Amino acid sequence: MNEQPAGAERYLYTTLGLFRRDSLGMILPHEHVFVDLRTPDQPGYAEADTGEVVAVMSPHIAEVQERGITAMVECSTTGVGRRADVDLAVSRATGMPLVVPTGSYREPWIIPAVRAADDAGLEAWMLRELTERLDEADFRAGWIKLSAGDDGITPLEERILRAAARAARRTGAIIGSHTIRGRVAMQQLDIIESEGCPTDRFIWIHTQIEPDLGLHDEAVRRGAWIEYDHVGRDPDGDVRDLILRAIKAGHLQNLLVSHDLGWFDPALPAGGTQRPYTHLSDTMLPLLRAAGIDEATLTQLTHDNPFRAYSRPA
Ligand SMILES: [Zn+2]
């Protein structure tokens with residue numbers, strides 16, 4: 001039961017405001033501009049000079065703007081160095097809209113404020129970030145990013161997921177979860193269904209890591225999105241074949257592809273070494289064309305699908 005009216009016009013909620021589908025081209029659904037994988041209790045966690053981040057990341061964003069990428073989803077949530085203010089500065093400098101999440105990463109990365117909140121408080125916080133403003137910057141969250149432990153969802157992670165499902169049901173926002181095991185993703189789908197949240201408001205991030213492809217199929221059968229976000233990280237033939245298999249299996253409507261690359265890392269001198277966001281445009285799309293995939297299908301994969309997944313009514 002999605003509480004949003006059917007057929008209402010949908011928008012992508014970004015650092016630079018709301019975007020209609022026809023004002024956008026290709027959208028990268030899973031990348032990182034700024035990440036800190038140290039736990040939040042570490043000295044210097046998520047701290048960086050904003051001007052330095054802008055200087056380091058702008059050329060990487062310009063590269064994909066030249067290739068027709070018109071928006072990117074920032075997948076760094078609270079606990080792994082979310083800095084919505086830094087994302088906003090990068091967007092203003094480059095003109096690239098970023099879709100920034102509310103939500104929380106898994107244990108042990110959960111920030112004290114999330115750990116301390118009760119169920120109603122968690123839901124109210126996510127709703128506030130989705131509908132008013134993010135804690136650290138004055139724009140609205142575009143989605144809800146969370147995660148679950150590799151061996152099963154913990155009680156705190158389940159409380160965060162249930163609050164997210166209630167916030168998603170009320171706003172139409174999508175939940176994306178970093179989930180390594182398919183059986184944990186199925187458990188998460190059970191939980192969001194039990195909260196009355198439609199399964200098409202769930203993205204199983206890193207689906208490719210689950211070796212049992214039957215679970216990829218099962219997630220799609222249940223209405224969820226699957227995401228192959230290893231373009232440019234795993235061998236090209238393997239990534240291509242997984243995408244081709246999904247299309248052949250009839251999963252095109254539920255499929256997202258991205259790099260899961262970038263980023264400025266404040267734990268490393270000068271932000272570390274970035275890995276480009278260009279491999280999809282330069283290598284994977286040509287490989288899919290060579291395998292006989294037509295332009296309409298590629299447009300669906302790179303434009304329609306990410307927009308449909310991440311957009312919601314105004
Ligand atoms: Zn990621």
Side-chain angles (χ1 to χ4, degrees), residues 14-15 27-40 45-46 48 53 56-57 60-61 64 69 71-84 86-87 90 96 98-111 141-150 157 160-161 164 173-182 184-185 188 202-210 216 219 224-234 239 242-243 255-268 271-280 284 302 305-306 309-310:
T14 81
T15 43
I27 301 163
L28 290 174
H30 186 132
E31 307 299 340
H32 295 273
V33 172
F34 187 92
V35 186
D36 194 340
L37 291 170
R38 298 173 292 186
T39 48
Y45 166 79
V53 179
V56 166
M57 295 311 298
H60 298 288
I61 288 171
V64 287
I69 304 291
M72 292 168 54
V73 177
E74 163 69 277
C75 282
S76 302
T77 191
T78 71
V80 287
R82 188 189 77 183
R83 283 289 302 270
V86 170
D87 289 329
V90 169
M96 176 69 85
L98 296 169
V99 186
V100 178
T102 184
S104 171
Y105 207 59
R106 63 198 164 115
E107 298 191 88
W109 285 272
I110 296 171
I111 60 171
W143 63 299
I144 307 169
K145 165 76 184 285
L146 41 79
S147 182
D150 295 347
E157 290 160 358
I160 293 167
L161 176 61
I174 201 157
I175 301 166
S177 179
H178 166 118
T179 305
I180 299 307
R181 300 247 169 97
V184 179
Q188 291 178 294
F202 185 79
I203 302 168
W204 173 13
I205 291 170
H206 309 318
T207 311
Q208 73 275 357
I209 297 174
E210 170 57 61
H216 303 201
W225 293 85
I226 57 173
E227 181 178 281
Y228 298 150
D229 47 39
H230 56 333
V231 176
R233 292 192 294 118
D234 276 9
V239 177
L242 198 60
I243 295 170
L255 180 61
L256 298 169
V257 296
S258 213
H259 308 88
D260 191 12
L261 287 175
W263 54 75
F264 189 102
D265 183 344
L268 298 172
T273 304
Q274 287 69 45
R275 295 182 63 189
Y277 309 118
T278 51
H279 204 78
L280 180 68
M284 191 51 57
T302 57
N305 282 2
Y310 283 95

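Remember, it's a predicted structure, so these values are computed and weren't measured experimentally. Start at 1 and go down the list; that is how both ligands and their atoms are numbered.
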TODO: Decide, counting backbone as well as side-chain atoms, whether Cys75 has an N, O or S atom less than 2.8 Å from the Zn ion (ligand 1).
DONE: no

Task: Identity of the N, O or S atom of Asp260 lying closest to the Zn ion (ligand 1) - done: OD1

Task: side chain to side chain donor-acceptor pair (under 3.5 Å) against His30, all qualifying residues, sequence neighbours excluded - done: His32, Glu227, Asp260

TODO: Could you tell me whether the side chains of Glu157 and Ser147 share a donor-acceptor contact shorter than 3.5 Å?
DONE: no

- [ ] Could you grab the distance from atom CG of Leu261 to atom CG of Leu280, nearest 0.5 Å is fine?
- [x] 11.0 Å

TODO: Of all N, O or S atoms in His30, identify the one at the shortest distance from the Zn ion (ligand 1).
DONE: NE2

Open item on the list: Using ring centroids (six-membered ring only for Trp), state whether His216 and Tyr228 fall under 6.0 Å.
Closed with: yes

